[in-house]
Each structure stands twice: as structure tokens, then as C-alpha cells.
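Residue numbers run from 1 in the order of the sequence given.
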Amino acid sequence: MSSCEFFRALTRISSEGGKIVTVKIIVNDNVLSDIIVNGKPLLGIATSGEVLELANRALTEDRVIETTIGNARIVLEPIEPRPTIIVVGSGLIAKALVDVSNSIGYYVAVVGNNDVNKDLFSNAYFVSNDLRDLEKLIDEDSIVIIANEGGKPYDSEALYIALKHNAKFVGVLASQRRAAVIIADMVRRGVEPRLCVGEASFTCWA
């Protein structure tokens with residue numbers, strides 16, 4: 001499965017509580033990932049009884065287990081579910097959001113449009129320079145913050161994607177002028193947002 005799908009799965013289970021086990025199955029240069037929740041593989045990949053038994057052991061002993069089964073290297077890690085956040089942007093404000101989110105325990109995904117310096121966002125869980133990945137990351141439990149100081153052409157498209165996929169919370173950092181342009185574009189596309197306006201530079205759709 002892709003990193004996008006894995007991040008989306010983490011988002012889905014973050015509200016369930018309790019510990020989970022992430023599983024990586026590595027064969028040569030190929031890596032498959034799954035998440036074991038309540039003894040069951042969430043993504044239908046790690047279905048081997050031996051792997052599920054090891055996952056239970058990893059939970060019981062609260063430690064990472066690495067082993068080899070056949071020609072595959074298996075890495076099982078028990079983790080506490082953590083909330084996730086998707087930051088759309090590539091500048092200093094986006095970087096600050098990622099740093100703060102990391103420090104309080106969020107899994108963070110960063111999405112740009114061929115403008116993200118991956119070295120700058122090395123502490124993010126997932127980084128993409130392809131705006132199309134945003135659709136693969138978002139589900140109804142997602143928190144999305146669009147934070148490009150000065151605005152970028154793809155901000156409006158990112159907002160439309162987030163609203164179209166019914167993200168739980170969408171925040172846009174923008175000046176009043178830029179916010180007006182983005183809102184007008186949403187109306188043109190047929191979106192009827194319920195606006196929640198705080199500071200002049202912040203607009204969110206609930």
C-alpha cells in the first residue's frame with residue numbers, strides 16, 4: 001500500500017484509543033505496511049497467523065520485534081494512536097506548524113505542489129510534492145491546514161479538495177483579500193461553506 005493510504009488509515013483509527021501495532025513486511029526493495037487493531041489487520045495485508053501472534057507479543061511486551069519469515073523481514077512496532085494533521089504549504093509558517101504539531105505528538109503530512117523542500121520538513125511523517133496526493137490522504141476525520149504565507153495558486157484547489165472529501169476541520173491562513181478570492185472561487189465551484197471567521201487572516205469551514 002502507499003504511504004498516503006497508510007497515513008489515512010492512521011487518521012481513521014486515531015480516535016479509537018488503545019494500542020495498535022504497525023507491521024512492515026520487507027522483501028528486497030519492496031515494503032508493505034499494515035496496522036493490527038484488536039488482533040485484526042486493518043488493511044488486509046498482514047494476515048499470517050505467525051505475524052498476528054508476533055503482533056500480540058509486541059503489544060504484550062511493549063517492544064519492537066524484528067524477525068525473518070521466509071524471505072521477508074518483518075518489523076512490528078506497538079504504538080499509541082496519535083492524531084494526524086495535514087499541512088498544505090512549503091514556507092516558514094508551514095514549517096512552524098509542522099514543528100508545533102510534532103512537539104505535541106501529531107503525525108504530520110506535508111503536501112505541496114513541486115515547491116516543498118523535503119530536507120526542511122524532515123520531521124514530517126509524510127511529505128509530497130504532488131497536490132494529487134491530498135485526495136489520497138484526506139478522510140472525514142482529517143484536519144487540514146492550508147498555510148502558504150502570501151498565498152499560492154494551488155491554495156484554492158487544496159481547499160476545494162479538502163471540502164469535497166468532507167475533512168473534519170479545514171483551516172486557511174490568508175489575508176482578507178486572499179481569503180475573499182478563495183471564498184469566491186469556492187462559491188463559483190458550487191461550495192456553500194459555513195464560515196467561521198476569527199482573526200482577519202484566518203478563515204475556516206466547519
Side-chain angles (χ1 to χ4, degrees), residues 1-25 31-47 55 77-90 94 97-98 100-102 104-113 116 118 121 123-148 152 154-173 182-183 185-186 189-196 202-206:
M1 68 176 304
S2 70
S3 297
C4 291
E5 292 168 320
F6 191 75
F7 188 89
R8 187 170 178 171
L10 285 175
T11 300
R12 290 210 320 263
I13 63 175
S14 65
S15 61
E16 294 181 2
K19 285 187 176 180
I20 62 177
V21 179
T22 61
V23 181
K24 288 185 179 180
I25 302 172
V31 180
L32 297 175
S33 301
D34 206 342
I35 301 171
I36 307 298
V37 184
N38 298 322
K40 297 180 180 179
L42 183 65
L43 305 168
I45 295 171
T47 57
E77 180 180 2
I79 62 171
E80 297 284 352
R82 290 191 266 160
T84 64
I85 187 168
I86 302 167
V87 176
V88 179
S90 60
L97 281 170
V98 172
V100 170
S101 299
N102 243 317
I104 60 177
Y106 279 66
Y107 286 117
V108 187
V110 178
V111 181
N113 195 32
V116 176
K118 292 188 177 183
F121 293 94
N123 57 341
Y125 185 84
F126 173 80
V127 180
S128 172
N129 263 309
D130 188 342
L131 192 63
R132 292 173 297 182
D133 281 339
L134 189 58
E135 295 203 50
K136 302 172 188 175
L137 290 168
I138 294 175
D139 74 3
E140 293 181 355
D141 292 315
S142 295
I143 297 171
V144 183
I145 306 295
I146 301 165
N148 274 313
K152 293 206 171 181
Y154 65 82
D155 287 356
S156 186
E157 181 63 24
L159 176 59
Y160 181 70
I161 291 170
L163 293 174
K164 184 174 69 173
H165 288 275
N166 298 314
K168 179 168 66 175
F169 177 87
V170 185
V172 181
L173 182 70
I182 293 174
I183 292 169
D185 187 44
M186 294 303 102
R189 294 183 186 219
V191 175
E192 296 182 5
R194 290 177 291 148
L195 289 178
C196 164
F202 185 73
T203 306
C204 69
W205 280 257

Visitor: Rounded to the nearest 0.5 Å, what separates atom CZ in Phe169 from atom CD1 in Ile85?
Guide: 8.5 Å
Visitor: What closest approach, in Å, do Leu173 and Ala147 show between heavy atoms, and which atom pair accounts for it?
Guide: CB-CA, 4.1 Å
Visitor: Any sub-3.5 Å donor-acceptor pair from Ser128's side-chain atoms to Asp130's backbone N or O?
Guide: yes
Visitor: Rounded to the nearest 0.5 Å, what's the gap from CG on Leu134 to CD1 on Ile86? Could you check?
Guide: 6.0 Å
Visitor: Looking at every heavy atom in both Ala109 and Leu137, which two are closest together, and how far apart are they?
Guide: CB-CD1, 4.1 Å
Visitor: Please assess Lys136 against Asp133 for the test salt bridge (Lys or Arg N to Asp or Glu O under 4.0 Å), listing each intermediate value before the final yes or no.
Guide: CA-CA 5 Å; Lys136 302 172 188 175; Asp133 281 339; 3.5 Å; yes
Visitor: At what distance, to the nearest 0.5 angstrom, does NE2 of His165 lie from CG of Asp139?
Guide: 10.5 Å
Visitor: Can you name the closest pair of heavy atoms from Cys4 and Phe126 and give their distance?
Guide: SG-CZ, 3.4 Å
Visitor: Write down the atom of Thr47, the atom of Pro41, and the distance for their closest heavy-atom approach.
Guide: CG2-CG, 4.0 Å
Visitor: Within a strict 4.5 Å, meaning less than it, do heavy atoms of the Val108 and Leu97 side chains meet?
Guide: no
Visitor: May I ask you to check whether Asp185 and Tyr160 show a side-chain donor-acceptor distance below 3.5 Å?
Guide: no
Visitor: When rounded to the nearest 0.5 angstrom, what distance separates CG in Asn123 from OG in Ser101?
Guide: 9.5 Å
Visitor: Rounded to the nearest 0.5 Å, what separates atom CZ in Arg8 from atom CD1 in Ile138?
Guide: 8.5 Å
Visitor: Indicate yes or no for a side-chain donor-acceptor contact from Asn148 to the backbone of Ser90 under 3.5 Å, with no hydrogens or angles considered.
Guide: yes
Visitor: For the pair Asp34 (side chain) and Val23 (backbone), establish whether a donor and an acceptor sit closer than 3.5 Å, ignoring hydrogens and angles.
Guide: no
Visitor: Under 3.5 Å, side chain of Asn166 to main-chain N/O of Glu140, donor-acceptor pair present?
Guide: no
Visitor: What class does the angle between the rings of Tyr107 and Tyr125 fall in, given that below 30° is parallel, 30 to 60° is tilted and above 60° is perpendicular?
Guide: perpendicular
Visitor: I need the Leu163 CG to Met186 CE distance, nearest 0.5 Å.
Guide: 6.5 Å
Visitor: Grab the two heavy atoms, one from Val110 and one from Ala124, that are nearest each other, plus how far apart they are.
Guide: CG2-CB, 3.8 Å
Visitor: Given salt bridge (Lys or Arg N to Asp or Glu O under 4.0 Å), test Lys24 with Glu77 step by step and report yes or no.
Guide: CA-CA 9 Å; Lys24 288 185 179 180; Glu77 180 180 2; over 6 Å; no
Visitor: Start with the C-alpha distance between Arg189 and Glu157, add both sets of side-chain angles, then the distance that settles salt bridge (Lys or Arg N to Asp or Glu O under 4.0 Å), and finish with yes or no.
Guide: CA-CA 10 Å; Arg189 294 183 186 219; Glu157 181 63 24; 2.9 Å; yes
Visitor: Does atom NZ of Lys164 have more than 12 heavy-atom neighbours from other groups under 6.0 Å away?
Guide: yes
Visitor: Can you name the closest pair of heavy atoms from Leu131 and Ala158 and give their distance?
Guide: CD1-CB, 4.2 Å
Visitor: Is there side-chain contact between Ser142 and Lys168, with heavy atoms separated by less than 4.5 Å?
Guide: no
Visitor: Surrounding OH of Tyr154 (heavy atoms of other residues, nucleotides or ligands, distance under 6.0 Å), is the total greater than 12?
Guide: yes
Visitor: Does any part of the side chain of Thr84, heavy atoms only, come nearer than 4.5 Å to the side chain of Ile143, both counted from C-beta?
Guide: no
